[in-house]
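So the structure is just underneath, and the comments pick up after that.
Labels below follow one simple rule: chain letters A, B, ... track the order of the sequence lines, proteins then strands, and each chain is numbered from 1.
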Amino acid sequence: MSVRVRFAPSPTGYLHIGGARTALYCYLIAKAKGGQFVLRIEDTDQERSKPEYETAMIDDIHWCGLDYHEGPDKPGDVGPYRQSERMELYKELAWKLVDEGHAYPCFLSSEQLEELTEKANTEKIAPHAYHGQFRDYDLAEAKKRIDKGEEFVIRFKNPNKKYTFKDLVRGEVTFPEDMVGDFVILRSNGMPVYNFCCVVDDWKMKMTHVIRAEEHLNNTVRQLMIYEALGAPTPEFAHCSLLVGEDRQKLSKRHGATSVSQYRDQNYLPQALMNYLCLLGWSHPEEKDIFKVDEIVEMFDLNRFIKSPALYDIAKLNFFNGQHLRLLTGDELLSYCERSIPTDHSFHGQEKEWKIRALEFFKEKVNLPSELDEHFEVLFNTEPRLNEADTEELKDILSWETTPVIQSYLKEELTKLKESGVEYPSEENFSEWTNHIKKELKVKGKPLFKGMRAALTKMTQGPDLKIVIPLTKIDLLITRFQ
RNA sequence: GCUCCCAUCGUCUAGUCUGGUCUAGGACACCGCCUUUUCACGGCGGUAACAGGGGUUCGAAUCCCCUUGGGAGUACCA
């Protein structure tokens, strides 16, 4: 039987970093086993689910490069793939469970429920202890009350026995009989509840593996009960570790940038994000750390999942971005970096060939394209860029810089070049100047290079002049002498 | 409270299943040196961990138990 794995987010917000990682694992397992990856939208919470979130989520999943075989926008044989479109099925099965004695209507009002929970709390027993008030209520009587229009929910009748299952990452897990009470499967507004539709769909959509985060581990006991009552085969479960923030708590909004769209907006490389996320809870058999996810499918398996929670660290993500940035070439590099450079930046006025040459050189210095701006200063500034630490050092340089002979020499050379119709100095030009100043003007060593740097770039430090000067327009260089 | 899960450098992790090759390896970050007449890159090196206690064993990071710590769940959210 072919492996089928689903990612089932609820559209109540933007795709979360943790969600993206789960989706990645689902994608990878499906791919590794030559199976299908399915996207299902769990929108049964009418208040919080929004269609625009669904759209955004799908966009983000695509941006991550996690293409699925079936989903709301990719019809398959077991659709629809949006739970709000499967209501009839859930209702039918919920009532089937009622008729078979696995579930029952319950008429407890929310006020009554609150009181009962309160009571259980003061008695220091499980809060769900009194939720089963209607479990033995006469069904015919119940149906009469429903027909009269009375509000009700459907509760699942807990069979009160232990449940054990083998989790693919955690091993054998056992839940005691009283872990949960008679829980709701159909709300009073007619909407089914997560644990119920999840099982129905995983069954009807023929899922073989349920891969999700550890926060769902405890839900598994409820789901196991439902599979059993439905007479459905249980899939394999794999609960992967949680992603946590600095405080070791589940990663959430208050930890800062935790949605994929924020990284997209900040122009991170999706392959870098995926690479980093992949390693947060899984390890490469050869301890390789920089890779594209599609390169590791054949070695991806559940055995290398880590059970303990992983801390999400942006510093390390930045490193991964830098590594992937350096893997980019020519056109890729240009179209990627260009987006991060302010639209009014002089960079955009340059020739394409120049841009690529500049980026190929500067890419070694940054992790993110947004850091490029400060490095470009050396190419475009017209005012001296000096920080306090430079001042001391500058005293010498300034005395040199103001030496009229050398100033006028460089200026003269630049003017000659300009008149010959050249737009940029060549590397050879730069060497000639250096040699001339060395031989004829008797300046060498540190004063030579520091001095030339200060004169030509108005900065005391920066990248290799041999590279930088040929990237700077002669016109601009001349203005630096005025 | 109750239930479940987890526990190796600050962080991500290798090693745990199949005890010895682990005076615990790699990566991020940090620090130093080399290289570069600057900066960065790169290279080399450094600081830094088996939570604690009991067992089992000739031998335990690895197996068992307890303690402690952390997390998750305990909803008519998912």
Considering Watson-Crick and G-U wobble pairs with both distances under 3.5 Å, what does B/A78 pair with? none
Let's see if you can work this out: which of B/A29, B/C4, B/G71 has an atom nearest to the side-chain heavy atoms of A/Phe319? B/A29
Measuring only the P atom in each nucleotide, how far is B/A75 from B/U57? A whole number of Å is fine. 47 Å
Both A/Thr12 and A/Ile125 contact RNA chain B. Taking the nearest nucleotide for each, which residue is further toward the 5' end? A/Ile125
May I ask you to decide if the ring planes of A/Tyr137 and A/Phe107 are parallel, tilted or perpendicular, using 30° and 60° as cut-offs? perpendicular
For the rings on A/His216 and A/Tyr194, is their centre-to-centre separation under 6.0 Å? yes
Base, sugar-phosphate, or nothing: which does A/Pro176 touch, judged by heavy atoms less than 4.0 Å apart? sugar-phosphate
Could you give the CG-to-C1' distance, from A/Asp202 to B/A78, as a whole number of Å? 13 Å
Looking only at side-chain N and O atoms, does A/Thr44 come under 4.0 Å of OP1 or OP2 in B/A78? yes
Of B/C4, B/C39, B/U74, the nucleotide closest to the side chain of A/Arg222 is B/U74
A/Lys288 has an atom NZ; how far is it from atom C1' of B/G25, in whole Å? 18 Å
When the aromatic ring centroids of A/Phe300 and A/Phe305 are compared, is their separation below 6.0 Å? yes
Using atom CD of A/Glu47 as one end and atom P of B/A78 as the other, report the distance to the nearest whole Å. 10 Å
Does A/Lys250 make a side-chain N or O approach to OP1 or OP2 of B/A72 shorter than 4.0 Å? no
Quick check on RNA chain B: between A/Asn219 and A/Glu214, whose nearest nucleotide comes earlier from the 5' end? A/Glu214
Any donor-acceptor N/O pair under 3.5 Å between B/C76 base and A/Ser188 side chain: yes
Measuring only the C1' atom in each nucleotide, how far is B/C12 from B/A7? A whole number of Å is fine. 15 Å
For B/U16, give its Watson-Crick or G-U wobble partner with both distances under 3.5 Å, or none. none
In whole Å, measure the gap between the P atoms of B/C5 and B/C41 for me. 45 Å
Looking only at atom C1', what distance separates B/U8 and B/A72, rounded to whole Å? 22 Å
Got a salt bridge between A/Lys292 and A/Glu295, using NZ or NE/NH1/NH2 to carboxylate O under 4.0 Å? no
Residues two or more places apart in sequence or in another chain: which of them pass side chain to side chain donor-acceptor pair (under 3.5 Å) with A/Asp247? A/Arg254, A/His255
If you check the A/Lys365 side chain, which of B/A75, B/A78, B/A40 turns out closest? B/A40
Quick one: look up who B/G42 pairs with, Watson-Crick or G-U, both distances under 3.5 Å, and put none if it's unpaired. B/C34
Touch class at under 4.0 angstrom, heavy-atom based, for A/Lys307 against every strand present: sugar-phosphate
If pairing means Watson-Crick or G-U wobble with both distances under 3.5 Å, then the partner of B/C28 is B/G10
Return the value, rounded to whole Å, for the distance between atom CD of A/Gln461 and atom P of B/U37. 15 Å
Is the number of heavy atoms from other residues, nucleotides or ligands within 6.0 Å of CD (A/Glu88) greater than 12? no
With sequence neighbours excluded, residues passing salt bridge (charged side-chain N to carboxylate O under 4.0 Å, His left out) with A/Arg40: A/Glu42, A/Asp201, A/Asp202
Gap in Å between the two C1' atoms, one belonging to B/A24 and one to B/G42, rounded: 28 Å
Nearest 0.5 Å, please: how far is CG in A/Asn435 from CZ in A/Phe430? 10.0 Å
I need the A/His284 NE2 to A/Asp289 CG distance, nearest 0.5 Å. 9.0 Å
Rounded distance (Å) that lies between atom C1' of B/U36 and atom CZ of A/Phe361: 12 Å
Regarding A/Asn318, tell me which of base, sugar-phosphate or nothing describes its non-hydrogen contacts under 4.0 Å with the strands shown. nothing
Using a cut-off of 4.0 Å on non-hydrogen atoms, how would the nucleic acid contact of A/Val173 be classed: base, sugar-phosphate, or nothing? sugar-phosphate
Identified pairing partner of B/U3, criterion: Watson-Crick or G-U wobble below 3.5 Å: B/A72
Checking B/A72, B/A78, B/G1 against the side chain of A/Pro127 (C-beta onward), the nearest is B/G1
Once each nucleotide of nucleotides 11-17 of chain B is scored for protein heavy atoms under 4.0 Å, what B/S/- sequence comes out, 5' to 3'? SBSSS--
With a 3.5 Å cut-off and no angle check, do the side chains of A/Glu228 and A/Tyr163 form a donor-acceptor pair? yes
Indicate, with a heavy-atom threshold strictly under 4.0 Å, whether A/Asp464 touches base, sugar-phosphate, or nothing. base
For A/Ile290, which contact category applies under a 4.0 Å heavy-atom criterion: base, sugar-phosphate, or nothing? nothing
Using the C1' atom in both, what is the distance from B/U56 to B/G20, to the nearest Å? 16 Å
Between A/Gln223 and A/Asn195: side-chain donor-acceptor atoms closer than 3.5 Å: yes
Interatomic distance, A/Arg326 CZ vs B/C41 C1' [rounded to whole Å]: 7 Å
How is A/Thr174 classified with respect to the nucleic acid when contacts are heavy atoms under 4.0 Å: base, sugar-phosphate, or nothing? sugar-phosphate
For the C1' atoms, the ones on B/U74 and on B/A14, what distance do you get once it is rounded to whole angstrom? 36 Å
Could you tell me whether A/His216 contacts a base, only the sugar-phosphate backbone, or nothing, with contacts defined as non-hydrogen atoms closer than 4.0 Å? base
Rounded to the nearest angstrom, tell me the gap between atom CD in A/Gln46 and atom P in B/A75. 21 Å
Taking the P atom in each of B/C17 and B/G32, what is the distance between them to the nearest angstrom? 41 Å
Between C1' on B/A78 and NZ on A/Lys253, what's the gap in Å once rounded to a whole number? 13 Å
